**Student:** 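Structure provided below as structure tokens; questions to follow.
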Amino acid sequence: MSAALALLWAGVALGAAPADSFRTAQVGEVRVVAAERELDRAVGLAELADRPAEWPGLGRVAPGPFRLVLVRDSAALDRVTHGRAPGWGAGVAFPGARTIILRADLPDLQATLRHEVAHLVLRARLRSRVPLWFDEGYAALAAGEWGRLAEWQIHLGVAFGGVPTLGDLDGQLRASAFQADRAYALAAGAVSALAARIPGGDLRPLLDRLAAGEDFDGAVRRTTGRSVPRFESEWREATRREYRGALWLVAGGWWLLGAIVVVVAWGLRRRRERPRRAALDVGWEMPQNEPIDPGGEGV
């Protein structure tokens, strides 16, 4: 893509600004395109992205030349990508065009940028196609998102949708924001589980085979000793076991849990009120020999 076309893309995305306000800058091997008010920020991001960094299974490498476009918001992102980016997306990478587009209106752009750069680095290394769940799961791991995503999002994912198949996971990654959040966490978990089944716990042997042109299923089988369907079955079962508490609650266990909480609270309240009840009983014994008038008055 030419610099002129990149400027056109930026002009469409930042349509509220006059055409002559768009700027470009070259930062190492990164070509930056942004509105004038965002150019300094975009340059700062490019300086981070241009440096060599450690990538899982790939070692320390630089991403190489690519174009970084910083757009204003989700509407601009939608226009630039012709609707290919989900409305909730913070950024998108086009490895074939060596282009990353980020939204300027969201926080934590550095983490988003690293996620998208991971796509470029991975695709530049591999000669074989990989499934979407692996591509996105790898980027989430590389960006350090796994620790943040794993806890509550997988609990939600398992609780509300069970453990999907890897094929279903591909579809969920492009679904609604709620489904996608869970799917990204599960995809990162799947890639982490796959790495754990490779001797040494390192993705390098798998990525080396993919870089040599082996198909994904064959590369997984030769590095883990398992077919993809067998790995999928093991991963789904392990995920169910790990998060079975969430499944139990959804299946109705929360009723029992609620009942237990009520009983325990009642018992604690009775214990706490026992001294007060004993004090109220003092002086209330009925006299044994005092006659009671049928009309209610003592004689």
Side-chain angles (χ1 to χ4, degrees), residues 52-66 84 91-100 114-147 149-150 154 157 162-175 180 182-242:
E54 288 290 336
W55 301 98
L58 298 175
R60 187 172 182 80
V61 296
F66 72 93
R84 293 178 62 186
V92 62
F94 294 95
R98 302 292 298 173
T99 298
I100 291 174
R114 182 168 170 85
H115 180 109
E116 303 304 339
V117 171
H119 287 304
L120 301 191
V121 172
L122 182 66
R123 299 287 190 88
R125 178 81 168 104
L126 306 187
R127 292 175 52 199
S128 301
R129 293 179 61 86
V130 296
L132 182 62
W133 66 264
F134 183 85
D135 193 11
E136 293 295 353
Y138 178 89
L141 282 176
E145 298 169 351
W146 167 236
L149 293 171
I154 289 186
V163 183
T165 65
L166 293 175
D168 288 341
L169 197 56
D170 284 351
Q172 293 177 12
L173 285 163
R174 293 296 179 262
R182 295 182 282 134
Y184 272 88
L186 287 165
V191 174
S192 180
L194 186 60
R197 286 162 173 78
I198 299 173
D202 188 356
L203 286 170
R204 184 180 294 275
L206 174 63
L207 299 184
D208 285 346
R209 288 185 177 276
L210 295 171
E214 288 191 36
D215 67 279
F216 184 78
D217 288 13
V220 169
R221 185 171 57 254
R222 291 181 177 87
T223 54
T224 67
R226 299 163 172 82
S227 65
V228 171
R230 179 183 168 190
F231 161 72
E232 177 181 43
S233 178
E234 292 177 354
W235 167 71
R236 294 182 72 200
E237 179 57 32
T239 303
R240 286 192 193 97
R241 286 198 306 269
E242 186 172 358

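Just so it is clear, the structure is predicted and the values come from calculations on it, not from any experiment.
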**Student:** Look at the side chain of Ser233 and the backbone N and O of Pro229, then say whether any donor-acceptor pair between them is shorter than 3.5 Å.
**Tutor:** no

**Student:** Mind running side chain to side chain contact (heavy atoms under 4.5 Å, CB included) on Leu203 and Val191 for me, showing each step along the way?
**Tutor:** CA-CA 9 Å; Leu203 286 170; Val191 174; 4.1 Å; yes

**Student:** Run the side chain to side chain contact (heavy atoms under 4.5 Å, CB included) check on Leu186 and Trp235 step by step: do they pass?
**Tutor:** CA-CA 10 Å; Leu186 287 165; Trp235 167 71; 4.3 Å; yes

**Student:** So, taking the atom named CZ in Arg129 and the one named CG in Asp135, what distance separates them when rounded to the nearest 0.5 Å?
**Tutor:** 10.0 Å

**Student:** Identify, with sequence neighbours excluded, every residue that meets salt bridge (charged side-chain N to carboxylate O under 4.0 Å, His left out) alongside Glu214.
**Tutor:** Arg209, Arg222

**Student:** If you measure from CH2 on Trp133 to CG on Leu169, what distance do you get to the nearest 0.5 Å?
**Tutor:** 8.5 Å

**Student:** If we ignore hydrogens and angles and just use 3.5 Å, is the side chain of Arg125 paired with the main-chain N or O of Ala211 as donor and acceptor?
**Tutor:** no

**Student:** State, yes or no, whether a side-chain contact exists between Leu207 and Trp55 at a heavy-atom distance under 4.5 Å.
**Tutor:** no

**Student:** Between Ile100 and Ala93, what is the shortest heavy-atom contact and its length?
**Tutor:** CG1-CB, 4.1 Å

**Student:** Heavy atoms, side chains only, cut-off 4.5 Å: are Val130 and Tyr138 in contact?
**Tutor:** no

**Student:** Using a strict threshold of under 4.0 Å (side-chain N to carboxylate O), is an ion pair present between Glu232 and Arg236?
**Tutor:** no

**Student:** Looking at CG of Leu210 and CG of Leu126, how far apart are the two atoms once the value is rounded to the nearest 0.5 Å?
**Tutor:** 5.5 Å

**Student:** Using every non-hydrogen atom in the two residues, find where Ala118 and Ala142 come nearest and quote the distance to one decimal.
**Tutor:** CB-CB, 3.8 Å

**Student:** Between Val228 and Phe134, is there a side-chain heavy-atom distance shorter than 4.5 Å?
**Tutor:** no

**Student:** Indicate the ring-plane relationship of His115 and His119, choosing parallel, tilted or perpendicular according to the 30° and 60° boundaries.
**Tutor:** perpendicular

**Student:** Taking Gly213's backbone N and O only, do any of them form a donor-acceptor pair with Ser128's side chain (distance below 3.5 Å, no angle check)?
**Tutor:** yes

**Student:** How many angstroms lie between atom CZ of Arg226 and atom CD of Glu234, to the nearest 0.5 angstrom?
**Tutor:** 4.5 Å

**Student:** Measure the OG1-CD distance between Thr165 and Gln172 for me, rounded to the nearest 0.5 Å.
**Tutor:** 8.0 Å

**Student:** So, using side chain to side chain contact (heavy atoms under 4.5 Å, CB included) as the criterion, who are the partners of Arg174 when residues are at least two apart?
**Tutor:** Leu132, Glu136, Tyr184

**Student:** Asp215: what forms a salt bridge (charged side-chain N to carboxylate O under 4.0 Å, His left out) with it, not counting sequence neighbours?
**Tutor:** none

**Student:** Under 3.5 Å, is there a donor-acceptor pair between the side chain of Arg98 and the main chain of Pro65?
**Tutor:** yes

**Student:** Rounded to the nearest 0.5 Å, how far apart are OG1 of Thr224 and CG of Leu206?
**Tutor:** 8.0 Å

